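This report concerns only the one structure given below.
Everything quoted here is computed from the prediction, not taken from an experiment. Every chain is numbered from 1, with letters handed out A, B, ... down the list of sequences. Note that these values count all heavy atoms, side chains included, but never hydrogens, waters or copies made by symmetry.
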Amino acid sequence: MAAVFHCIIQIFITFPNAKETALCTVIPVRFCKPNPYGNMSTKEILDKFEARQDNLLMILHALQDNHPQNYLTEEALSDAAKYLKLTKSSVYGVAKYYSMFSLKPRGKYIIRVCVSPVCELMKGKEVLAQLEETLGIIAGETTPCGRFSLEIAECLGQCQEAPSMMINDKVFNHLDSKKVNEVISKYRHK
Amino acid sequence: MIQETRITLKNVGNINPESIDDYLAAEGYQGLKKALTMEPFSIIDEVMDAGLRGRGGAGFSTGTKKKFTSRSCQSCPQRYVVVNADEGEPGTFKDRIIMENDPHLYIEGTIIAAYSINATKGFIYLRGEYYDAIRMTRKAIADAYAKGYLGKNILGSGFDFDLELKLGAGSYLCGEELTMLESLEGKRGYPRIKPPFPAEKGVFNAPTLVNNVETLSTIPLIIAKGKEWYLQFGTERSRGTKIFTISGKVKKPGFYEVQMGATLRQLIWDLAGGMIGDKPFKAALMGGAAGTFVDESMLDERMTYDNLKEKGATLGSGAVIVLEEGDSVYDMLYNCLRFFKHESCGKCVPCRVGTTMLVKETEMLRKGVRDKKTLLDQMVKEAGLMASSSLCPLGQSPILPLKSAARYFTSELMGG
């Protein structure tokens, strides 16, 4: 009994955002991110590419897309290094340089909020603030149940309909408080 | 009252981008068919005589670039064409519009460019976040292969050309041609030392032609319809049309293709419907973050590469971000400088340290420094030093918005 109690306390210490935690228990997060590679083994993915260094970025994209938590694991990096006959440090260096690659687990849905001059001019800051408030995380973090990651993006090229954000590969434009709420609640139950 | 002159964008909204048959019905691949009957050097001459200049921002003559690439290193076994589709300049989305709505157009341009410099392999370096453009391009390449416009012995001409799609992964810097080539080779996006230019040593150290999507999209039309047809558009030194992407406080933000030499006033009031709520115009940031601020005194200047340069402004990628009375130039500038700080790769010390310092100093302008004028002058001076001592355009860029903002909006930058 004491162990169960301790466990519940622990959950609330680890996940202070109780509302989000409660939602997680109701709606299990499952893998359904659309990607051309499906859920394949690392070897299957690597075999799709010729073992040339210029394929490194494509390989890292494919490996990351294939992971349900949208990130590059240690093993993925070493496998890619071995396959391309590169040092692990050079592969790590590349993965670390590009902002689309993550070396830590991320949510099922990656929200990229545009903070470019145009979006800021069109009240994009409010969108970011609202998302941080609604999700209970700040940019760069992932919700406790692993549903959403919030990231800041440079110009997404949607300036004619600013402010904008992306959720995985979908673009959402003309954002205001109402639309942000609608989109997020849709993805909460997806 | 000016009208749009849609040449490059003629198919946008009129054809199904996923259908190669639609593109063929709209006179697609006619330029390529004609090009394959011509001598490669005469294609280069045609493009050169048409006066086409690079639409990526620098405005270098496309024909000259081709000539250099085709002539350099005759003993090299392989030449490459690289399409710069890594569009990331804030406020710019012209390439995205082409790629999402008419992907075969720029692929056709790429094949013609490859034929003219005798390259048998090409890459498209497309920005990783542009999912729709990636999807369209992927489909278009597959369809072009299926119809024999790519691959071995294109249309029975004996010319082989393979085109491969490569994705970027979120680095603004990789839009710079030499950095892009590093990234294309599977490395960190660090700039290379220029010279050698890509025409001599590009990707895999081979002669490489790097062109922007919009530039390549113009080539099929120049070839199909001839240089005389193209010469009717634009001005003497800046030929043809330019796609402007206008955003901010205008009634109809969007993309507009106009002849070179249109004015900012025409763009904002004739095409973009004027200012929201008919508020007074305050400023525009032209060319994105690596661009220049202008005030209303520049509204009637003709927008050509040379005229704007003379007046201390830039045409750049064609981005126009419009600010109305009450918007803060300071905030815009601060945003741009933060952007440079974030995107600096750290290779050159002046840029790495300088971009951070400029952000700090901009904050100090609002924190009650005693002598703001001196601070502002110092910032401009530092940005100038960065420009002269950094390898790539990123370190050379902060001076542009900073100096122009300081020129037109000194009191605002120092006030508050």
Between Leu173(B) and chain A, with a heavy-atom cut-off of 4.5 Å, which part of the residue counts as in contact: side chain, backbone, both or neither? side chain
Side chain to side chain contact (heavy atoms under 4.5 Å, CB included), that's the test. Do Leu57(A) and Ser183(B) meet it? Break it down for me. CA-CA 8 Å; Leu57(A) 264 69; Ser183(B) 177; 3.6 Å; yes
Against chain A, residues from residues 282-294 of chain B with at least one heavy atom under 4.5 Å, in numeric order, are none
Contacting moiety of Tyr130(B), where chain A heavy atoms sit under 4.5 Å: side chain
Scan for salt bridge (Lys or Arg N to Asp or Glu O under 4.0 Å) pairs involving residues 331-341 of chain B, sequence neighbours excluded, and state none if there are none. Glu120(A)-Arg338(B)
Using side chain to side chain contact (heavy atoms under 4.5 Å, CB included), reason through Lys249(B) and Met122(A) one step at a time and then give a plain yes or no. CA-CA 8 Å; Lys249(B) 303 293 176 68; Met122(A) 306 309 276; 3.8 Å; yes
Measure distances from Gln158(A) to the heavy atoms of chain B and classify the residue's part below 4.5 Å as side chain, backbone, both or neither. both
Using non-hydrogen atoms only, which part of Ile321(B) is less than 4.5 Å away from chain A: side chain, backbone, both, or neither? side chain
Residue-level interface, residues 178-187 of chain A with chain B, non-hydrogen cut-off under 4.5 Å: none
The salt bridge (charged side-chain N to carboxylate O under 4.0 Å, His left out) partners of Glu164(B) (sequence neighbours excluded) come to Arg52(A), Lys121(B), Lys166(B)
Out of Leu156(A), Val171(A), Leu56(A), return the one with the most heavy atom pairs under 4.5 angstrom to chain B. Leu156(A)
Bottom line for Arg188(B): the part with an atom under 4.5 Å from chain A's heavy atoms is both
Heavy-atom contact with chain A under 4.5 Å, split by part of Thr245(B): neither
Taking the side chain as C-beta and beyond, is there a heavy-atom pair between Cys336(B) and Pro117(A) under 4.5 Å? yes
